[in-house]
Amino acid sequence: MTAAPLRVGNFSGFYGDRFSALREMLDGGEVDVLTGDYLAELTMLILARDRLKDPSAGYARTFLRQLEDTLGLAHDKGVRIVTNAGGLNPAGLADAIRELAGRLGVPVRVAHVEGDDLTARHPGSLAAHAYLGGFGITECLRAGADVVVTGRVTDAALVTGPAAAHFGWKPTDHDRLAGAVVAGHVLECGAQATGGNYAFFGECDDVRPGFPLAELHEDGSSVITKHPGSGGHVDVGTVSAQLLYETAGARYAGPDATARLDTVRLTQDGPDRVRIDGVRGEAPPPDLKVGVNRLGGFRNEVVFVLTGLEIPSKAAMVRHQMRAHFAESGARPAEVSWDLARTDRPDASTEETASALLRLVVRDPDPEKAGRALSGAAVELALSSYPGFHVLAPPGKGTPYGVFEAARVPQHAVEHVAVLPDGRRVPVPAAQDTAVLHAVPEPPLPEPLPPGPVRRAPLGLVAGARSGDKGGDANVGVWARTDDAWRWLAHELTVERFRKLIPEARDLPVTRHALPNLRALNFLVEGILGAGVAAQARFDPQAKALGEWLRSRHADIPEVLL
C-alpha cells in the first residue's frame, strides 16, 4: 500500500531568521513535520565561543524561546519538529525543552542525536563536528518522538530523516533518499525558495515571503510549495536558484546518498507549485565531512574617508604614514591589507558622494598589535595627514576571529547515536554501501545560437545567479530562463570569460560544471574567501552578492534575447 505524502516545512534557514516563522507555519496550513536549520559554519564558531563562557551553553537559545508559545499548538496539531538547533549541545537543548514542556503542561516526547562532536580529535580547535546523516533522526521519530534535536547534521538530513521514518526507506534506497536530499536542499534556507534573495525580485511582491513546504512522495519525488496566502512565490526560477546555492558539480554528496543534480527535473505544477522528479541517487561517500573551527588570531580595521580631489594621492599618503608608524614602533601586525573603494563622483552634489573609502584591515596573533598598535597610529594622524582627514569610526580593541577548514573522517569512525525519548541509546550504523566520488563527464551542450546582431548589456538581463560560501571557496550558480538563452550562455560563459568578468578570480582555480536539465552553470572559485567567513578576508565575506556582481557585468548579448 502506498504511503500518504509527507508534508515537510521549514521555519528557519539560519540562527537569527524570522522569529515568528514557527508560528506562521503552524497557523498557515496543513503540515506533518517542521524543520529548523540554525547551523551555518559561522554559527558553530559563535556557539563554541558561547560554550567557552558557559559550559551549559552551545545551542540556539532562539529556538527555545520560539517554542514558548508554539509547543502546545504543535502538539495539538500533531506536528513533529526536527531541528539542528542543538548545535554543540543537543542533550542540553533536549533537557531544556523537557523542562519547558513540563512548565507549560505539554506532554511532548523529546529525543536527540549525538556523536558529531569530534573536537577532542582535533587539538587546538574550538569546535570540530562531523556532518551526520538523517538516520539518527529516523530512529528518534520511529520511537515516537515529537521533537528531535540534533547537533551538526547535513542540512538535508532534517528532511531525509523524517522521510525515511515515514516511508520506511532503507539506507540502500539511494534514488529515494537522493530525492529527499534535493527537496531538503531546497527547503534548508527558508524563504530563499519562495522569492527571498531572488535575482528577478521585481517580478513579484516578495516583501515578506512565506516559508517553503515540500510534499514528499514515496518514490522520492516532491512538490515544492508554500502555505496558501503567504507571501512570495514559488516557481521553477526560485527553486533553480536554491538548487544552485552552495553546490558545485553534478554530484551532491551527503552521508545518506549522493544526489545527481544533473538528473533533476523541474516542472511548474500550478501556481506556487514546482514538481521535482527524476532524481537519481548513488551510494554516499565512505567519509564524512568534518567542519573544524579554530581561533585564527585577532582582527581590527579602520576606514579612512577621502573626500574631493586627488583621491589616489591622499590614499598613498595615509598608507605611507601608517607604514612608517608600524616600522618605527616595531609593532607591525602580521597581516596588513588595504582596499580603496572609489565611491566618489566628480562634481558631486553631496559630501558623501564626493568621498571614497580606504579600508585598512590588520590581523595578528597578538591582540595588542591588532588593537592598540592600530588605534594609536590611526588616531594620532587626525591633525597631521591628508586634508579633510576623518574616519568612519575610531578603531577599538582587536577582536578574535575564526578560521574554518574542512576535514574528512571515515563514516565507521563516528559513533552516531539516537537518544530516544525513554533514554535508550541506539547506535546508528554507518552506511555499508559507499562509493568514492569521481568527476562526472562533461555533458553535451546545446547547439549555439546562430550568428546575429548583438548589444552590449548586463548579463543579468538574460540570466539569474545565486552565490554562497563553503569555507574559503565560493560558488556562483548561473541559470538561463529560456532554451535560447541557455544555448547562448552555455557557450559564452566559459571559465576564461568568468575570470574576465570577475577579476578577483583571475589567479584562482575556477571549475565550471554544466547542468543542462536546469539550464545552469555552476562555478566553484577556490580560495576567494581566504580562511572562511569568520576571517572576513574580503568585502563580501560570504560571497552572497558575488552572483549579483557577475550579473551586473556587461557582455555582447544577442539582440534576439533582449
Side-chain angles (χ1 to χ4, degrees), residues 296-399 401 472 474 499-508 525 527-531 533 535-543 545-546 549-550 552-554:
F298 294 84
R299 178 189 180 280
N300 207 348
E301 72 173 59
V302 59
V303 180
F304 301 92
V305 182
L306 315 174
T307 304
L309 305 177
E310 300 179 277
I311 296 295
S313 297
K314 290 172 179 174
M317 181 179 185
V318 74
R319 288 189 189 195
H320 175 72
Q321 288 178 311
M322 292 297 292
R323 279 197 300 267
H325 174 89
F326 290 146
E328 291 168 5
S329 66
R332 186 185 189 280
E335 296 180 39
V336 178
S337 64
W338 294 89
D339 287 298
L340 176 60
R342 295 300 302 266
T343 52
D344 56 301
R345 304 174 194 168
D347 194 22
S349 59
T350 67
E351 183 178 336
E352 185 172 358
T353 56
S355 301
L357 302 178
L358 179 63
R359 182 170 178 247
L360 167 61
V361 177
V362 302
R363 294 182 179 83
D364 198 277
D366 183 348
E368 286 294 311
K369 287 187 177 181
R372 190 172 301 171
L374 174 66
S375 59
V379 171
E380 288 174 9
L381 290 179
L383 302 179
S384 57
S385 190
Y386 59 86
F389 178 98
H390 66 287
V391 296
L392 287 185
K397 296 179 179 179
T399 57
Y401 70 90
R499 285 196 174 108
K500 288 180 180 178
L501 295 174
I502 304 294
E504 288 184 38
R506 187 170 292 151
D507 299 320
L508 297 174
V525 187
I528 193 171
L529 303 179
V533 56
Q536 296 188 341
R538 68 187 294 274
F539 169 70
D540 174 17
Q542 290 182 281
L546 191 58
W549 179 23
L550 177 66
S552 75
R553 299 306 308 271
H554 286 217

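When a residue number appears, it is its place in the shown sequence, counting from 1.
- In this structure, Arg363 and Tyr401 have side chains that are in contact, with non-hydrogen atoms separated by less than 4.5 Å.
- Using a 4.5 Å heavy-atom threshold, the side chains of Glu504 and Ile528 count as touching.
- For the side chain to side chain contact (heavy atoms under 4.5 Å, CB included) criterion with Pro333, the lone passing option out of Asn300, Val361, Asp364, Leu374 is Asp364.
- Rounded to the nearest 0.5 angstrom, Leu381 CG and His390 NE2 are separated by 14.5 Å.
- Nearest approach of Val362 to Val336, heavy atoms of both residues: CG1-CG2, 4.2 Å.
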Side-chain donor-acceptor distances from residues 302-318 under 3.5 Å, at least two apart:
residue : atom : partner : partner atom : Å
Thr307  : OG1  : Ser355  : OG           : 2.7
Lys314  : NZ   : Thr307  : O            : 2.5
Lys314  : NZ   : Leu309  : O            : 3.0

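- Surrounding NE2 of His320 are at most 12 heavy atoms belonging to other residues, nucleotides or ligands under 6.0 Å away.
- Shortest non-hydrogen contact noted between Arg553 and Lys500 is NH1-O, 4.1 Å.
- Taking the side chain to side chain donor-acceptor pair (under 3.5 Å) definition, one finds that Arg342 meets it with Asp344, sequence neighbours left out.
- Taking Tyr386 as the reference, Phe389 meet the ring-ring contact (aromatic ring centres under 6.0 Å, His included) condition, with sequence neighbours excluded.
- Using a 4.5 Å cut-off on side-chain heavy atoms (C-beta onward), Leu360 and Leu358 make no contact.
- In terms of the side chain to side chain donor-acceptor pair (under 3.5 Å) criterion, Ser552 has no residue partners (sequence neighbours excluded).
- Rounding to the nearest 0.5 Å places CG of Leu508 at 11.5 Å from CD1 of Ile502.
- Nearest approach of Pro365 to Pro367, heavy atoms of both residues: O-CD, 3.6 Å.
- Residues Arg359 and Trp338 form no side-chain contact, since every pair of their non-hydrogen atoms from C-beta on lies 4.5 Å or further apart.
- Applying the salt bridge (charged side-chain N to carboxylate O under 4.0 Å, His left out) test to every pair with at least one member in residues 366-392, sequence neighbours left out, gives these pairs: Glu368-Arg372.
- Considering only residues two or more places apart in sequence or on other chains, Ser385 meets the side chain to side chain donor-acceptor pair (under 3.5 Å) condition with Gln321.
- Nearest approach of Thr343 to Ala356, heavy atoms of both residues: OG1-CA, 3.5 Å.
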